[in-house]
Amino acid sequence: MFSSASNFTDNVDAVFLYITALSLIVLVGITVAMIYFVIRYSRKRNPVPTHVEENLALEVLWTAIPLVLFLSMFYFGWVGYKDMRNIPDNALQIKVTARMWQWSFEYPNGLKTDTLYVAAGMPVRTELHSTDVSHAFFIPAFRVKKDVYPNKVNDLWFQSDKVGRYDIACAEYCGLNHSGMYTAVHIMEPADFDAWYKATSAKAGLQPLLTAAVK
Amino acid sequence: MVTGALPNEKVEPSYLEVSTNKYKKGLLSWILSVDHKRIGVLYLYSMMAFFSVAVVFGFLIRLELIAPGKTIVEAQTYNQLFTLHGIIMIFLFIIPGLPAVFGNFFLPIMIGAKDVIFPRLNLMSWYMFVFGGLFAVVSMLLPGGSADTGWMFYVPYSVRTTTNVLPALIAAFILGFSSILTGLNFITTIHRMRHPDMSWFKMPLFVWSLYATAWIQVLATPIIGITLALVAIERTLGVGIFDPALGGDPVLYQHLFWIYSHPAVYIMILPAMGLVSEIIPVFTRRSIFGYKFIAFSSLAIAFFGSLVWAHHMFTAGMSDAAMFVFSFITFVLSIPSAIKVFNWISTMYKGSIQADPPFLYTLSFIFQFAIGGFTGLMLGALSVNIHLQDTSFVVAHFHYVMFGGTGFGIFAAMHYWMPKMFGRMYNLKVATWAWGIVTFGYNMLYMPLFVMGYLGMPRRYYDYLPEFQPYHVVSTVGSWILIVGLIIMFGNLWIGMRRGPKAPMNPWGGETLEWKVQTPPILENFHTVPDVHAGPYDYSKYEAKKETTK
């Protein structure tokens, strides 16, 4: 948690922890209350029950307080989601193609790879295509996911400042080898990325069209 | 007192001995019976048969996942196992569990009626249930192998796979009709067959919850019927509806599927909530706190629950407006469930609590349902949902609601009502131990799924990254403990119902009408028209004076 692997990781983790913390407080509260009542008011200790009138104020209270808390959760979730939809214009455009059961990536100059290589600090927009059934493009460490359809182009974006290798998984069940549909995204130092990109493009006979400085 | 009859009444032969047709004894006197109680028992046995099969499938799934790579079965078998596990558990256990078994048996008694309003239709629902179940079994046995689509039958995969998707679709289609007919029967029965003195707000809360459930069954189930029929047409005739290769749209399928299947979640949970509202007053000897709030929250859940379906599709690429609205209503919908939980716990305050097995299962229900609800909040928040969608976190979440909630509700109902249904008592001590083992094993099975889901373990994975193995091992060991507990629990109930001591008329001190009729009940339930002047949870007699033995 809070690995800052992508620009979304910390915010998603924070909202998750916010809801988890509130939930744990209430869960512990109601569990302790239940156990306490069962012991304190057991038939042995308390053979005669006491009638307690319904209490409108109490009902209003435990409707209103959760409502306010729930709306705050909704709000934080929505704000975090808005960022995910706010795709920068200068993002590197990668065409992702899913098929049973592998991923492929195409850079703007036509370079094709089966692992994604990106420079640190570079915003990336992936345009998601499928050639057969539905899949879902999922980078757990980056907290991003989107379904991939054969008839509809979805997209998502992320930006990572942390050099490293991160798993890409398929999250929508797609048949026999669904669980083997893994690849990875490598976040590289800008200089390393430039070198890799130039060399690999040259090998494929393509013009390198971008550098890691495209911020 | 240990006799099963009212004080100055003679004991009459019970429904177990009196047939409604020309066959006095044997199988035919049961499977041709139109008595609502016998039909409830038929549902009980058939449901338990399907449940046992699906538990074995679940056990095999967990066993396969104890280590990465192949452990006991091939990937294809694994995919078929989780598909069948889902189809059977949902359509043949959780949905019919409370309404068809205990609703059938007790709804008419609880409202002071002799039977449901359409007894023959009731029997027909059971036949459709059995035929639907048989189709699911047939889909396993035919060449081609059973369906491997997941219980959601997501298109395009479900149109393309060569496995026996068609029998599975037909099974779900027929089961849908069974569900609709039961719902129709219950709505009409509640409107037309109530005892004249039983006004709406004197109805037990279990009846209220069945009423809300029945409306969802009638209104939502036809949509899944049509949708599954369209998939069948697409598969057999190649008409393009959902498959893009034929010009269709898979997202349309998801919408239609969840327009039913989300309300179906409430078909599954509402009766359990009603049951909990029934059990808590009895074992605390206190009138339920906030009766009207609990009753109306059921209706609110039924209404808002039909407006949140697309929260299953937050990663599908919907418009921002749709995302906003569906997330918002999802949070609003959490309120009535929270209200219920607070009212249940308040009912325990200053009660006189006897923690017998039905009550213990109810405590587990509240704890586990609360966890299911809280994790639902995490899934309702959009940015968090994007990360958690289609991971084992979701699997854990809905098992906490469906199994930890409704499943435990069914177990509570069995311990609560089976002595009334069969006239014999199970061993309370063994039942308490079984409850402890089941609750412990259950939580050990599903807790780790939350953690690894957040860490990025997708669902429906045959194989997984080695880093997830510790969680899988804990979970699988939990499944063994759970199954041991289930065997003890069902064994104890089975032995109790066959050889246990005779159950008294009112073993728990309930005030609803089913505790005022003979044990086991007679054909047409009542000797004389019962008295329903008081509300369903009137415990003033305990409050006013010392406890009596009646």
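Letters go in sequence order (proteins before strands), and every chain restarts at 1.
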Q. Between B:Asp249 and A:Lys152, does at least one N-O distance fall below 4.0 Å, as a salt bridge requires?
A. no
Q.
Are B:Lys350 and A:Arg40 packed together at the side-chain level, in the sense that at least one heavy-atom pair is separated by less than 4.5 angstrom?
A. no
(Q) Classify the ring geometry of B:Tyr461 against A:Tyr182: parallel below 30°, tilted from 30° to 60°, perpendicular beyond 60°. (A) perpendicular
(Q) Regarding A:Asn177 and B:Tyr462, do their side chains bring together a donor and an acceptor under 3.5 Å, going by distance alone? (A) no
Q) Would B:Phe328 and A:Tyr75 count as a close aromatic pair, with their ring centres under 6.0 Å? A) no
Q) Could you name the residues of residues 99-118 of chain A that have a heavy atom within less than 4.5 Å of a heavy atom in chain B? A) A:Met100
Q. In terms of the angle between their ring planes, are B:Phe331 and A:Phe74 parallel, tilted or perpendicular, with boundaries placed at 30° and 60°?
A. perpendicular
Q. What pair of heavy atoms forms the shortest contact from B:Pro458 to A:Ala169, and how long is it?
A. CG-CB, 4.1 Å
Q) Quick one: side chain to side chain donor-acceptor pair (under 3.5 Å) partners of A:Ser6, sequence neighbours excluded? A) A:Thr9
**Q.** ring-ring contact (aromatic ring centres under 6.0 Å, His included) assessment of A:Tyr173 paired with B:Phe82
**A.** CA-CA 12 Å; A:Tyr173 174 68; B:Phe82 74 67; 5.3 Å; yes
**Q.** Residue pair B:Leu382 / A:Gly77: nearest heavy atoms and the distance that separates them
**A.** CB-O, 3.7 Å
**Q.** Residue that, paired with A:Phe70, satisfies side chain to side chain contact (heavy atoms under 4.5 Å, CB included) out of B:Ile335, B:Leu333, B:Thr330, B:Val332
**A.** B:Ile335
(Q) Quick check on A:Leu71 against chain B: is it the side chain, the backbone, both or neither that has a heavy atom closer than 4.5 Å? (A) side chain
Q.
B:His387: which residues meet the ring pair (Phe, Tyr, Trp, His ring centres under 6.0 Å) condition with it, sequence neighbours left out?
A. A:Phe138, B:Tyr454
Q. Who passes side chain to side chain donor-acceptor pair (under 3.5 Å) against A:Asp192, sequence neighbours left out?
A. none
Q. Do you know the tightest heavy-atom contact between B:Arg459 and A:His178?
A. O-NE2, 3.5 Å
Q.
For B:Ile345 versus A:Ala33, what's the shortest heavy-atom pair and its separation?
A. CG2-CB, 4.1 Å
Q.
When you compare the side chains of A:Asp147 and B:Gln254, does any donor N or O come within less than 3.5 Å of an acceptor on the partner?
A. no
Q: Assess the side chains of B:Asn385 and A:Tyr81: does a donor N or O sit below 3.5 Å from an acceptor N or O?
A: no
Q.
Between B:Val155 and chain A, with a heavy-atom cut-off of 4.5 Å, which part of the residue counts as in contact: side chain, backbone, both or neither?
A. backbone
**Q.** B:Ala316, part contacting chain A, at a heavy-atom distance under 4.5 Å
**A.** both
